[in-house]
There are 2 protein chains.
Amino acid sequence: MVARRDTAQAEMTTGDARRRILDAARRAFATAGFEGASTRAIALEASVAQSLLLYHFKSKEALWRAVMDDVFAGLNDWIIHHQPDLRDAGPAKRLMVLVRGFIDFCASDADIHRIITVEGRAATDRLKWLVDTHLRANHARVCALIRRGQEAGEVRPGDPTLLYYSFIAIAGTAFSLAPEIALVSGDDRLVEAQAIEDLIRALLLTDFATG
Amino acid sequence: MVARRDTAQAEMTTGDARRRILDAARRAFATAGFEGASTRAIALEASVAQSLLLYHFKSKEALWRAVMDDVFAGLNDWIIHHQPDLRDAGPAKRLMVLVRGFIDFCASDADIHRIITVEGRAATDRLKWLVDTHLRANHARVCALIRRGQEAGEVRPGDPTLLYYSFIAIAGTAFSLAPEIALVSGDDRLVEAQAIEDLIRALLLTDFATG
DNA sequence: TATAGTCCTGATCGATTGATCAGTTCGGTG
DNA sequence: CACCGAACTGATCAATCGATCAGGACTATA
């Protein structure tokens, strides 16, 4: 109900500002956190007036929620469209396909991991909303897969939640901390997704389920 | 030269404020980032006037650097005092002792991992200072150990920097994202250090070097 | 007692914050 | 043409930001 989508000509510019605001806000929230990001800096990067930002999204907090909806919709689309046919695959295979999808998504846009790690460190109302709206469902789905893999002897035993956050930490950190890694190592080469997948495979799977 | 330490009675209060400011600032910077943390909120939590904060540390940025010095001094002290005799141990053994030390330090205070991950996501002047002053030395030392372990066939082959940041990510995330993990899993049990060490052992070491 | 120096507070500065509102532009519909 | 609503801007609000400054409280030295 925010914008009519039945006309064609106006599409090029109408709603374009809204898209630019959303992208600029995602980058700002991911790097500086909620309080650290200012609506004026976001508006400046999106090349719009600051008042327009509060016209499309009625408050800074509502803008933040819109950014989160946008980011996780992108993640779900990515994983759905990049998954091969898995109807007759075992839990370990299905798990590693999800892992590889998450790695590639983080490689294409590290902001999602930055957002999770910047909001997850304090029990705020925003974190509660984020968990209820987006995080809990993903966690439950992947952990169920991990448990089935453990029962089949293909996935390493142990707390599924710990395994879940461990592979997310590995897959996300390599990209979300890219500026630090480049400075520390003195080398700004890009990390290879395959190397990360191999690491996570060694972490999650038993020797029995290699393949 | 900051405070004289030769009297006894005044000790209880003198210099105590400086310590409280440092601790409050560490928590604030770790959770909200540099811009997100306000000197007034820090002073309020430390139960001092905001102007006292800028009396002991001449600016917000100088306070931030003092907090970093304090945190990494604590890490180095912890690791030094918790290391057994390693004169005749192999690189894999020495590496895992360092890993366990880092795990236990994160368990006792998750702020160090929060600080690294909140500052490392943008190439600011603060990150450059942090890398030059504290991070690069640790990275070089541990990576040299990883390389020696790889040459001995005890440590998994691959980019040492990737292995370094992977084990730091696993060891730190479990504690720095404790609020999120508790909300997502609906269970606020504390993560066991031994379970994390076992995971990292599977990640870093080859089957050849078990033990 | 007088002097000096450290620790600390309250008041206040200009700049910036999120938010509100009046007014302008413009394409679509009557 | 007239009108309406959506998109957008500039001005401005109170609140908060980091920082500065004058001065009080206190101890040690002379």
Side-chain angles (χ1 to χ4, degrees), chain A residues 1-29 31-68 124-126, chain B residues 1-29 31-68 124-126:
Chain A
M1 231 53 91
V2 172
R4 310 246 312 262
R5 292 283 173 232
D6 39 1
T7 57
Q9 284 83 349
E11 280 299 290
M12 199 105 54
T13 53
T14 295
D16 189 33
R18 187 189 166 93
R19 181 72 255 167
R20 288 201 311 275
I21 293 172
L22 225 40
D23 289 337
R26 175 177 47 76
R27 287 189 291 269
F29 286 138
T31 57
F34 181 80
E35 288 93 358
S38 80
T39 58
R40 275 180 177 80
I42 294 172
L44 184 68
E45 201 187 324
S47 302
V48 296
Q50 182 246 3
S51 52
L52 183 65
L53 186 148
L54 291 141
Y55 166 76
H56 283 297
F57 315 91
K58 69 174 190 179
S59 71
K60 184 184 180 183
E61 187 133 348
L63 169 64
W64 181 86
R65 286 195 297 267
V67 168
M68 298 303 129
T124 62
D125 288 340
R126 287 193 309 277
Chain B
M1 230 58 83
V2 172
R4 311 244 314 259
R5 294 282 174 232
D6 39 3
T7 56
Q9 284 83 349
E11 278 302 290
M12 201 107 52
T13 53
T14 295
D16 190 34
R18 186 187 167 92
R19 182 72 254 167
R20 287 202 311 274
I21 292 172
L22 226 40
D23 290 337
R26 175 177 46 76
R27 287 189 292 269
F29 287 137
T31 56
F34 182 80
E35 289 92 359
S38 81
T39 58
R40 278 181 174 81
I42 294 171
L44 184 68
E45 200 187 324
S47 302
V48 296
Q50 182 245 2
S51 52
L52 183 65
L53 185 148
L54 291 142
Y55 165 78
H56 283 298
F57 316 90
K58 70 174 187 177
S59 70
K60 183 185 180 183
E61 187 132 349
L63 169 63
W64 180 86
R65 286 194 297 268
V67 168
M68 298 304 129
T124 62
D125 287 340
R126 287 194 309 277

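A quick note: this is a predicted structure, and the numbers were derived from the prediction, not measured. A note on names: the letters A, B, ... follow the listed sequences, proteins ahead of strands, and every chain is numbered from 1.
Taking atom CG of B/L44 as the reference point, atom P of C/dT9 lies 12 Å away to the nearest angstrom. Remark: P of D/dA6 and CG of A/D16 are 19 Å apart, rounded to the nearest angstrom. With rounding to whole Å, A/R40 atom CZ is found 13 Å from D/dT12 atom P. Note: CD (B/E35) to P (D/dA19) measures 12 Å, nearest angstrom. Here C/dC21 presents its P atom at 14 Å from NZ of A/K58, a figure rounded to the nearest Å. Rounded to a whole Å, the CD1 atom of B/I21 is 11 Å from the P atom of C/dC7. One can place CG of B/L53 at 14 Å from C1' of D/dT20, the figure rounded to the nearest angstrom. Between A/F57 atom CZ and D/dC8 atom P there is a gap of 11 Å when expressed in whole angstrom units.
The listed nucleotides are C/dT9, C/dG18, D/dT9; the one nearest the side chain of B/V48 is C/dT9. Taking every side-chain heavy atom of B/L54 into account, D/dA19 is the closest of D/dA19, D/dT9, C/dC8.
In this structure, B/R18 and B/H56 approach most closely via the heavy-atom pair NH1-O, 3.8 Å. B/A17 approaches B/L52 most closely through the heavy-atom pair CB-CD2, 3.9 Å. Heavy-atom minimum distance, B/T39 versus B/K60: CG2-CG, 3.9 Å. Across every non-hydrogen atom of A/L54 and A/S59, the tightest pair is CD2-CA, 3.7 Å. Heavy-atom minimum distance, B/V48 versus B/R20: CG1-NH2, 3.6 Å.
In this structure, A/Y55 does not reach the D/dC8 phosphate: none of its side-chain N or O atoms is under 4.0 Å from OP1 or OP2. The shortest distance between the side-chain N/O atoms of A/S38 and the OP1/OP2 oxygens of C/dT17 is below 4.0 Å. Considering only side-chain N and O atoms, B/H56 lies under 4.0 angstrom from the phosphate OP1 or OP2 of C/dC8. At D/dT9, none of the side-chain N or O atoms of A/S51 fall inside 4.0 Å of OP1 or OP2 (strictly under the cut-off).
Among the atoms of the strands shown, only primed sugar atoms or phosphate atoms (P, OP1, OP2) are found under 4.0 Å from some heavy atom of B/A37.
Each of B/K60 and A/A49 was assigned the nucleotide of DNA chain D with the nearest heavy atom; the assignment lying further toward the 5' end belongs to A/A49.
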